[in-house]
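Since the structure comes first, as structure tokens, the remarks are kept for the end.
Computed from a prediction, not measured in an experiment: that's the story for all the values here.
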Amino acid sequence: MGGRGGGLAAAAAAGRRAASWIRSLPGAPIPGPVGAWLAGELPEAIETATASLNPQDCDRMGPDGEMVDGTGGVDEETRSKLAAVPCAVQYALWLTSDQQIRLVAVASLITGAARLLAEDPGTAITTGELSRMWALLDQAIA
């Protein structure tokens with residue numbers, strides 16, 4: 001499947017792979033908020049973000065002529081969870097530094113994909129930019 005549908009289906013599949021990888025990481029040795037967040041909320045946010053990508057939610061002019069920033073289909077709560085990754089991983093001391101930086105890369109790539117769709121959905125889809133994002137995401141979780 002190519003074009004818009006193929007790119008968005010690939011996004012959802014990439015998100016599922018990334019979420020599965022995160023769920024496979026070692027759990028916190030002592031229960032706590034960061035461990036629970038990494039085991040539950042973060043992989044769910046990744047799946048939500050990649051499944052909800054929408055090229056129609058792009059930057060546009062509002063009814064009063066003001067510029068409205070699109071979100072690429074990712075809601076504020078999900079964007080907030082992804083934005084918290086660089087701050088939260090420093091408290092996941094049971095993870096290796098390699099695992100921590102890979103978590104940051106995953107969150108950054110997914111946030112970046114949404115931004116690409118918001119800024120220029122046609123180019124992001126037709127030039128393969130999104131496909132390259134998912135290839136990078138696969139490298140991060142390999």
Side-chain angles (χ1 to χ4, degrees), residues 1-29 32-142:
M1 179 178 353
R4 178 177 170 228
L8 298 180
R16 288 189 300 273
R17 289 190 301 275
S20 178
W21 173 75
I22 292 169
R23 290 182 181 110
S24 76
L25 292 172
V34 173
W37 181 76
L38 283 172
E41 286 184 59
L42 179 58
E44 288 173 14
I46 286 170
E47 288 175 325
T48 298
T50 55
S52 65
L53 289 174
N54 181 353
Q56 293 179 334
D57 188 358
C58 56
D59 296 347
R60 62 200 172 280
M61 292 299 269
D64 295 330
E66 78 281 1
M67 191 64 183
V68 176
D69 287 336
T71 65
V74 181
D75 64 78
E76 180 58 38
E77 180 181 355
T78 302
R79 287 193 318 269
S80 178
K81 288 176 184 176
L82 294 174
V85 172
C87 299
V89 296
Q90 67 180 316
Y91 299 108
L93 300 176
W94 64 93
L95 297 177
T96 66
S97 57
D98 179 68
Q99 291 166 328
Q100 291 174 338
I101 196 64
R102 289 165 62 189
L103 282 166
V104 172
V106 166
S108 176
L109 287 163
I110 292 170
T111 302
R115 195 66 232 143
L116 275 174
L117 277 177
E119 289 177 0
D120 189 358
T123 300
I125 293 169
T126 61
T127 64
E129 289 179 13
L130 280 180
S131 296
R132 288 190 296 278
M133 296 287 267
W134 309 137
L136 288 170
L137 185 122
D138 282 336
Q139 186 63 40
I141 64 175

Asp59 side chain to Asp69 main-chain N or O, any donor-acceptor pair under 3.5 Å? no
As an exercise, state the distance from OG of Ser20 to CD1 of Ile141, rounded to the nearest 0.5 Å. 8.0 Å
Please confirm whether the backbone N or O of Ile46 pairs with a side-chain atom of Thr50, one donor and one acceptor, at under 3.5 Å? yes
In sequence, state the C-alpha distance, the side-chain angles, and the governing distance for Leu8 and Leu117, and then conclude on side chain to side chain contact (heavy atoms under 4.5 Å, CB included). CA-CA 11 Å; Leu8 298 180; Leu117 277 177; 4.3 Å; yes
Any donor and acceptor pair, going by atom type alone, linking the side chain of Ser108 with main-chain N or O of Val104 inside 3.5 Å? no
Would Val74 and Asn54 count as a side chain to side chain contact (heavy atoms under 4.5 Å, CB included) if you check the C-alpha gap in whole Å, the side-chain angles of each, and the deciding distance to 0.1 Å? CA-CA 8 Å; Val74 181; Asn54 181 353; over 6 Å; no
Heavy atoms of Ala19 and Glu47 approach each other most closely as CB-CG, 3.5 Å
Does Arg102 form a side chain to side chain contact (heavy atoms under 4.5 Å, CB included) with Asp98? I'd like the steps, not just the answer. CA-CA 6 Å; Arg102 289 165 62 189; Asp98 179 68; 3.0 Å; yes
Side chain Gln90, main chain Cys87, donor-acceptor under 3.5 Å: yes
Just wondering, do Ile125 and Pro55 contact through their side chains at under 4.5 Å, heavy atoms? yes
Output the distance between atom CE (Met133) and atom CZ (Arg115), rounded to the nearest 0.5 Å. 12.0 Å
Should we count CD of Glu66 as having more than 12 external heavy atoms under 6.0 Å? yes
When rounded to the nearest 0.5 angstrom, what is the spacing between CD1 in Ile110 and CZ in Arg79? 14.0 Å
After noting the C-alpha distance and the side-chain angles of Asp75 and Thr48, does the key distance pass the side chain to side chain contact (heavy atoms under 4.5 Å, CB included) rule? CA-CA 9 Å; Asp75 64 78; Thr48 298; 4.2 Å; yes
Take a 6.0 Å sphere around CD of Gln139 and say whether it holds more than 12 heavy atoms from other residues, nucleotides or ligands. no
Distance check, rounded to the nearest 0.5 Å: Leu130 atom CG versus Leu116 atom CG? 6.0 Å
Grab the two heavy atoms, one from Pro121 and one from Ala118, that are nearest each other, plus how far apart they are. CD-O, 4.4 Å
Heavy-atom closest pair, residues Gly35 and Ala28: CA-CB, 4.0 Å
Shortest non-hydrogen pair, Ala11 vs Leu53, comes out as CB-CD1, 3.7 Å
What is the minimum heavy-atom distance between Ala49 and Leu82, and which atoms define it? CB-CD1, 4.0 Å
Exactly one of Ile101, Val89, Leu103 should register a side chain to side chain contact (heavy atoms under 4.5 Å, CB included) with Leu95. Which one does? Leu103
Which heavy atom in Pro26 sits nearest to a heavy atom in Trp94, and how many Å separate them? O-NE1, 2.9 Å
To the nearest 0.5 Å, tell me how far Leu38 CG sits from Gln100 CD. 9.0 Å
Can you tell me how far the CG atom of Leu25 sits from the CH2 atom of Trp21, to the nearest 0.5 Å? 4.5 Å
